[in-house]
Amino acid sequence: MRTKPPHDELDELLEPLPVVVDGVTFEPVWTAHTRARSRSHTDAAYAYEAVDAVCARIVETRGLGALAPWLGPHAPTLEARAPTPPTTFSRIFELHPAHLGALPEWWNQNARNERVTIAHRLVLHAPRCAAHDVWTMPAVLRGSWQVRPVHMELSLWRHLGGWTKLTLEPRRRVYIKAFYFETGHRALDALCDHLVRDLAFLQRL
């Protein structure tokens, strides 16, 4: 097996070429030592020395250190979102986002004493549409594991075409226990079933 190309192939592959930096063309730079050697045996050496010389010139050029290689000015970076707390519930379910506009009517029809109760544990207050078509509802999750109910915020928004994403996030610190997750997931199962069934019906009226 041949592991290295012959000299004539190497000469062709390593032919020195000019480099353009910010509109300025840098020709290959040759040294006196390499000029003294015969061309038939030193083309590869010329190429290596040319690359080294051009790289050194680029490093010396003022302002190039602030640019990303070959890409020009840095592209704006997106702000990283904070990681989801482990006490936040999250769902993606098959509800077309167009149906979310019926949330106020759904809440009005099901509210008792200015609140909607889901599965005897999740209490929802009136919805409102925030920025970027995100619907939010103040919520309270009640359970026997806590002396006080946990105040939360329910959010719903469009996710990948005909799907909706839902999060239920506590507004204060929660001591994690098994009953917390069991109660929260049961309440969200019931809520998603209600929304899929009721919102599509209200949109057709």
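Positions are given from 1, in the same order as the sequence printed here. Note that the structure is a prediction, hence the values are computed from the model and not measured.
Note on Leu166 and Val140: separate hydrophobic clusters, where clusters join Ile, Leu, Val, Met, Phe, Trp and Tyr whose side-chain heavy atoms are under 4.5 Å apart, directly or indirectly. Leu154 and Trp163 are members of different hydrophobic clusters when ILVMFWY side chains are connected at heavy-atom separations under 4.5 Å. Residue Val123 is not grouped with residue Trp107 when hydrophobic side chains (ILVMFWY) are merged at heavy-atom distances under 4.5 angstrom, including chains of intermediate members. Under the 4.5 Å side-chain heavy-atom criterion for Ile, Leu, Val, Met, Phe, Trp and Tyr, Val150 and Phe181 are members of the same hydrophobic cluster.
Note: Arg186 CZ to Leu122 CG = 14.5 Å, rounded to the nearest 0.5 Å. If you take OG1 on Thr167 and CG on Leu156, they are separated by 7.5 Å, rounding to the nearest 0.5 Å. The CG atom of Leu141 lies 8.5 Å from the CZ atom of Arg121; values are rounded to the nearest 0.5 Å. To the nearest 0.5 Å, the span separating CE on Met152 from CZ on Arg172 amounts to 9.5 Å. To the nearest 0.5 angstrom, Glu153 atom CD is 5.0 Å from Arg171 atom CZ.
Minimum heavy-atom separation, Arg142 to Pro149: CG-CB, 3.9 Å. What you find for His99 and Leu199 is that their closest heavy atoms are O-CD1, 3.7 Å. Between Glu94 and Val196, the shortest heavy-atom distance links the atoms O-CG2, 3.9 Å. Minimum heavy-atom separation, Thr164 to Leu95: OG1-O, 2.6 Å. The two atoms that bring Trp135 and Pro127 nearest to each other are CE3-CB, 4.2 Å, heavy atoms only. In plain terms, the two heavy atoms of Lys165 and Ser90 that are nearest each other are CE-OG, 3.5 Å.
In this view, Ala119 and Ala190 satisfy the side chain to side chain contact (heavy atoms under 4.5 Å, CB included) rule, not counting sequence neighbours.
At a threshold of 4.5 Å between non-hydrogen side-chain atoms, the residues Leu188 and Ile118 do not count as touching. Between Pro170 and Thr88 the shortest side-chain heavy-atom distance falls below 4.5 Å. Looking only at side-chain heavy atoms (C-beta outward), Asn110 and Leu124 stay at 4.5 Å or farther from each other.
Ring-plane geometry between Phe89 and Tyr180 is classed as tilted, the angle between the planes lying from 30 to 60 degrees on a 0 to 90 degree scale.
Although no hydrogens or angles enter the test, the distance criterion places a donor-acceptor pair under 3.5 Å between the side chain of His96 and the main chain of Ala98. In this structure, the side chain of Arg91 does not engage the main chain of Leu168 through any donor-acceptor pair within 3.5 Å.
With respect to Leu103, the side-chain contact (heavy atoms from CB on, under 4.5 Å) criterion is satisfied by exactly one of Asp198, Leu202, Leu195: Leu195.
Shown here is His120, whose NE2 atom has no more than 12 heavy atoms of other residues, nucleotides or ligands within 6.0 Å.
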